[in-house]
Visitor: 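Have a look at this one before I ask anything.
We count ligands from 1, going down the list as the structure has it; atoms in each ligand are counted the same way. Worth saying up front: this structure is predicted, and the values here are computed from it rather than measured.
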Amino acid sequence: MTTRVQAWGAAEAGAPILSLEIERRDPRPRDVVVDIDYCGVCHSDIHTARGEWGQPLLPVVPGHEIVGHVTAVGAEVTKFKVGDHVGVGVIVDSCGECEACKAGFENYCRKDNVGTYNSRDLVTGDTTFGGYATSIVVDEDFVLRMPEGLDPAAAAPLLCAGITLWSPLRHWGAGPGKRVAVMGLGGLGHMGVKLAHALGAHVTVLSHSASKRADALALGADEFIVSSDAEQMRAVEASFDLILNTVSAELDINAYLKLLGWNGTLVILGLPGKPMAVHAHHLLDSRRRLAGSGIGGLRETQEMLDFCAEHGIVSEIERITPDAINTAWDRVVASDVKYRFVIDIKG
Ligand code: NAP
Ligand code: ZN
């Protein structure tokens, strides 16, 4: 059995986002039914729906920064009850049996992790639909507890942008005495600045938008470099322990590898969708590493949410109503958002 609910999505790759209806399954024994209050707009929503990563499953209903409250639970649910404030991020299921799942890194499931949207349900094979909708039904193991005291709209982007930066910052040991650079001050990047600063690292923003300097410093950056300014870039050559690349567009990665110090690591997070060319000598020079990181596991996502509650960290947001999604997407692509759009689903 299913229930028809209101959603917003694209009927074809690259088509505008329009109001439509989708089916949500009735809760299985371990499912939680979430009434959605807010959903963040991630650049991945745009890449997916516009076909920049290949043909999406249609219709595509994006959204994986979901905050809402529980309206019903299946008979075997133990972690949540009706009324709880909850979040849902980028994945809604995984095999649960592989090495990665057992270690709490469902994001690296070796078999079948299921995306919140544009993916296939492991039981029915049905297309998954994301948070640009009035409700969602999710296995309780993939539901997060939203801590008290965080503004729910501003906390929504923590479910993707927050965890995507938190995981590599923790994995590569960002903290006091470490020099961390964040490439791109967008949705992901501004969360990286806030989190790295709260972890005690020295934070530099590398941006192609000179106008973002004051914001970067206010968000917690110690330094701001305009990436098109050769002199500014030369001044920070061979200086960083960790660089997190959140840029959504193609760029010359070699210009940034040079900025790593000895044993430094550049982590790719941005996904423009095309291969990049790497000059090997930039890696050999100082035993540098080029790495990647994809969102985070459920356990570390909860850890990040609790850290944010403790430190009062949320996203800088612009609230929109569902009818403004198309305009908001164009502004995201133009790097013109401060710093995350969040859809007020009931607005
Ligand atoms: P966003 O808000 O659009 O931010 C991207 C930033 O990249 C922009 O604010 C801009 O920063 C910079 N940028 C954009 N176009 C550029 C260009 N032509 N040249 C140089 N810099 C440019 O996007 P987002 O939501 O943060 O997502 C960023 C990327 O991460 C996307 O590709 C997304 O799909 C990917 N992503 C990956 C994961 C993961 O698990 N690894 C998770 C979520 C998203 P400045 O103006 O400061 O230069
Ligand atoms: Zn995302």
Visitor: Should A161 be listed as contacting ligand 1, given a heavy-atom distance under 4.0 Å as the test?
Guide: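 False for this residue.
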Visitor: Between H47 and ligand 1, does any nitrogen or oxygen pair lie at a separation below 3.5 Å?
Guide: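 Between H47 and ligand 1, an N or O pair is found under 3.5 Å apart.
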Visitor: Counting only heavy atoms closer than 4.0 Å, does ligand 1 sit against the backbone of S44, its side chain, both, or neither?
Guide: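 The answer is both.
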Visitor: Within a strict 4.5 Å, meaning less than it, do heavy atoms of the P27 and V32 side chains meet?
Guide: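 Side-chain contact under 4.5 Å: no.
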Visitor: Short question: side chain of N107, backbone of G294 - any donor-acceptor pair under 3.5 Å?
Guide: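 Confirmed, N107 side chain pairs with G294 backbone.
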Visitor: Can you tell me the protein heavy atom closest to atom 46 (O) of ligand 1 and the distance?
Guide: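 Closest protein heavy atom to atom 46 (O) of ligand 1: S209 OG, 2.5 Å.
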Visitor: Please report whether ligand 1 has a polar contact with I268, defined as an N or O pair separated by less than 3.5 Å (distance criterion only).
Guide: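 Between I268 and ligand 1 (N or O atoms, distance only) the closest approach is not under 3.5 Å.
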Visitor: Against heavy atoms of I295, which atoms of ligand 1 measure under 4.0 Å?
Guide: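 So the answer, numbered in order with elements, is 39 (C), 40 (O).
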Visitor: As an exercise, state the distance from CG of L266 to CG of L244, rounded to the nearest 0.5 Å.
Guide: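 One gets 8.0 Å once the value is rounded to the nearest 0.5 Å.
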Visitor: Are any of the N or O atoms of C160 closer than 3.5 Å to those of ligand 1?
Guide: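 N/O-N/O distance below 3.5 Å does not exist for this pair.
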Visitor: State, with a plain yes or no, whether a side-chain heavy atom of I163 is found less than 4.5 Å away from one of V90.
Guide: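 I163 vs V90: side chains apart.
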Visitor: Is it the side chain, the backbone, both or neither of T164 that has a heavy atom closer than 4.0 Å to ligand 1?
Guide: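 It is the side chain that touches ligand 1; the backbone stays farther off.
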Visitor: Starting from atom 7 (O) of ligand 1, locate the nearest protein heavy atom and write down its residue, its atom name and how far away it is, to 0.1 Å.
Guide: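 Going atom by atom, the protein heavy atom closest to atom 7 (O) of ligand 1 ends up being V247 CA, 3.6 Å.
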Visitor: Out of all atoms in ligand 1, which are within 4.0 Å of some heavy atom of S335? Include the element for each.
Guide: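 Those qualifying, in numeric order: 8 (C), 10 (C), 13 (N), 14 (C), 15 (N), 46 (O).
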Visitor: Please tell me if the side chains of M146 and L159 come closer than 4.5 Å, counting only heavy atoms from C-beta onward.
Guide: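 Yes, at least one pair of side-chain atoms sits under 4.5 Å.
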Visitor: Nearest 0.5 Å please: distance from the CG atom of D31 over to the CZ atom of F80.
Guide: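 Going from the CG atom of D31 to the CZ atom of F80 covers 12.0 Å.
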Visitor: Enumerate the atoms of ligand 1 whose separation from the nearest heavy atom of T246 is less than 4.0 angstrom.
Guide: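 In order of numbering, the contacting atoms are 5 (C), 28 (C), 29 (C).
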Visitor: Considering the heavy atoms of V332, write down every atom of ligand 1 situated less than 4.0 Å from one of them.
Guide: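 Within the 4.0 Å cut-off of V332, ligand 1 contributes 3 (O).
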Visitor: Mark up the atoms of ligand 1 that fall under 4.0 Å of a heavy atom belonging to S293, in ascending order.
Guide: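 Counting atoms of ligand 1 from 1, those under 4.0 Å from S293 are 39 (C), 40 (O), 41 (N).
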Visitor: Decide whether the shortest distance between a heavy atom of M183 and an atom of ligand 1 is less than 4.0 Å.
Guide: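 Contact check M183 vs ligand 1: negative.
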Visitor: Is L257 reachable from V236 through a run of I, L, V, M, F, W or Y residues, each pair having side-chain heavy atoms under 4.5 Å apart?
Guide: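 Linked, V236 and L257 end up in one cluster.
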Visitor: Does H85 have more than 12 heavy atoms from other residues, nucleotides or ligands lying within 6.0 Å of its NE2?
Guide: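 At most 12 heavy atoms, drawn from other residues, nucleotides or ligands, come within 6.0 Å of this atom.
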Visitor: Counting heavy atoms only, which of R340, H208, R331 is nearest atom 16 (C) of ligand 1?
Guide: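 It is H208 whose heavy atom sits nearest to atom 16 (C) of ligand 1.
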Visitor: Could you tell me which atoms of ligand 1, counted from 1 in the order shown, lie closer than 4.0 angstrom to a heavy atom of G186?
Guide: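 Per the distance check, 2 (O), 4 (O), 9 (O).
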Visitor: For ligand 1, is there an N or O atom under 3.5 Å from any N or O atom of L271?
Guide: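 In this structure, L271 places an N or O atom under 3.5 Å from an N or O of ligand 1.
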Visitor: For W53 and ligand 1, answer yes if some heavy atom of the residue is under 4.0 Å from a ligand atom, otherwise no.
Guide: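 True for this residue.
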Visitor: Give a yes/no on ligand 1: does L251 have at least one heavy atom closer than 4.0 angstrom to it?
Guide: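 Checking ligand 1 against L251, which is what was asked, there is no heavy-atom contact under 4.0 Å.
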Visitor: For R299, is the CZ atom crowded, meaning more than 12 foreign heavy atoms sit under 6.0 Å from it?
Guide: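 At most 12 heavy atoms, drawn from other residues, nucleotides or ligands, come within 6.0 Å of this atom.
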Visitor: Does K346 NZ have over 12 foreign heavy atoms under 6.0 Å away?
Guide: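 For K346, atom NZ is crowded (more than 12 foreign heavy atoms under 6.0 Å).
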Visitor: Atom CD1 in I136, atom OG1 in T128: separation rounded to 0.5 Å?
Guide: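 Between I136 CD1 and T128 OG1, I get 8.0 Å after rounding to 0.5 Å.
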Visitor: Does the separation of the ring centres of F307 and W166 fall below 6.0 angstrom?
Guide: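 Yes; W166 has its ring centre under 6.0 Å from that of F307.
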Visitor: With salt bridge (Lys or Arg N to Asp or Glu O under 4.0 Å) as the criterion, how do R30 and D139 come out once you've worked through the C-alpha distance, each side chain's angles and the decisive distance to 0.1 Å?
Guide: CA-CA 6 Å; R30 292 164 43 78; D139 183 290; 3.5 Å; yes
Visitor: Anything under 30° is parallel, anything over 60° is perpendicular, the rest tilted; go ahead and classify H279 against H281.
Guide: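 Judged by the thresholds at 30° and 60°, the geometry between H279 and H281 is tilted.
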Visitor: Would you say E140's side chain and K79's backbone share a donor-acceptor pair under 3.5 angstrom?
Guide: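 Such a contact is found between E140 side chain and K79 backbone.
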Visitor: Using distance only, find each side-chain donor-acceptor pair of residues 43-51 under 3.5 Å and give its atom names and separation, not counting sequence neighbours.
Guide:
{"unit_1": "D45", "atom_1": "OD1", "unit_2": "Y117", "atom_2": "OH", "d": "2.7"}
{"unit_1": "D45", "atom_1": "OD2", "unit_2": "C42", "atom_2": "N", "d": "3.1"}
{"unit_1": "D45", "atom_1": "OD2", "unit_2": "Y132", "atom_2": "OH", "d": "2.7"}
{"unit_1": "H47", "atom_1": "ND1", "unit_2": "E52", "atom_2": "OE1", "d": "2.6"}
{"unit_1": "T48", "atom_1": "OG1", "unit_2": "S44", "atom_2": "O", "d": "2.7"}
{"unit_1": "R50", "atom_1": "NH2", "unit_2": "D330", "atom_2": "OD1", "d": "3.0"}

Visitor: Give a yes or no on whether E99 atom CD has more than 12 heavy-atom contacts from other residues, nucleotides or ligands under 6.0 Å away.
Guide: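 12 or below, so no.
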Visitor: Considering both backbone and side-chain atoms of V333, is one of its nitrogen or oxygen atoms within less than 3.5 Å of a nitrogen or oxygen in ligand 1?
Guide: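 No; the residue has no nitrogen or oxygen that sits under 3.5 Å from a nitrogen or oxygen of the ligand.
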Visitor: Can any side-chain N or O of S286 pair as donor or acceptor with the backbone N or O of R288 at less than 3.5 Å?
Guide: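 Not a single qualifying donor-acceptor pair exists.
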Visitor: Closer than 2.8 Å to the Zn ion (ligand 2), what protein N/O/S atoms do you find?
Guide: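 Listed by chain and number: C42 SG, H64 NE2, C160 SG.
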Visitor: Show me which atoms of ligand 1 lie under 4.0 Å from any heavy atom of H43.
Guide: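 Listed by number with element, the hits are 1 (P), 3 (O), 23 (O), 24 (P), 25 (O), 27 (O), 31 (C).
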Visitor: Measure the distance from atom 26 (O) of ligand 1 to every protein heavy atom, then report the residue, atom name and distance (to 0.1 Å) of the closest one.
Guide: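 Nearest protein contact, heavy atoms only, for atom 26 (O) of ligand 1 is L188 N, 2.8 Å.
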Visitor: Considering only non-hydrogen protein atoms, determine which one is nearest to atom 2 (O) of ligand 1 and report residue, atom name and distance to 0.1 Å.
Guide: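 The protein heavy atom lying closest is G187 N, 2.8 Å.
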Visitor: Near R110 CZ, under 6.0 Å, is it more than 12 heavy atoms from other residues, nucleotides or ligands?
Guide: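 Counting neighbours around CZ of R110, 12 or fewer heavy atoms of other residues, nucleotides or ligands fall under 6.0 Å, so no.
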Visitor: Would you mind checking which non-hydrogen protein atom is closest to atom 35 (C) of ligand 1, with the distance to 0.1 Å?
Guide: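 In this structure, atom 35 (C) of ligand 1 has L269 O, 3.6 Å as its nearest protein heavy atom.
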Visitor: How far is atom 11 (O) of ligand 1 from its nearest protein heavy atom, and which residue and atom name does that atom have?
Guide: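 Looking only at protein heavy atoms, the one closest to atom 11 (O) of ligand 1 is L185 N, 3.2 Å.
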Visitor: Closer than 4.0 Å to some heavy atom of A249 - which atoms of ligand 1 meet that?
Guide: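 Going through ligand 1 atom by atom, the ones under 4.0 Å from A249 are 15 (N), 16 (C), 17 (C), 18 (N).
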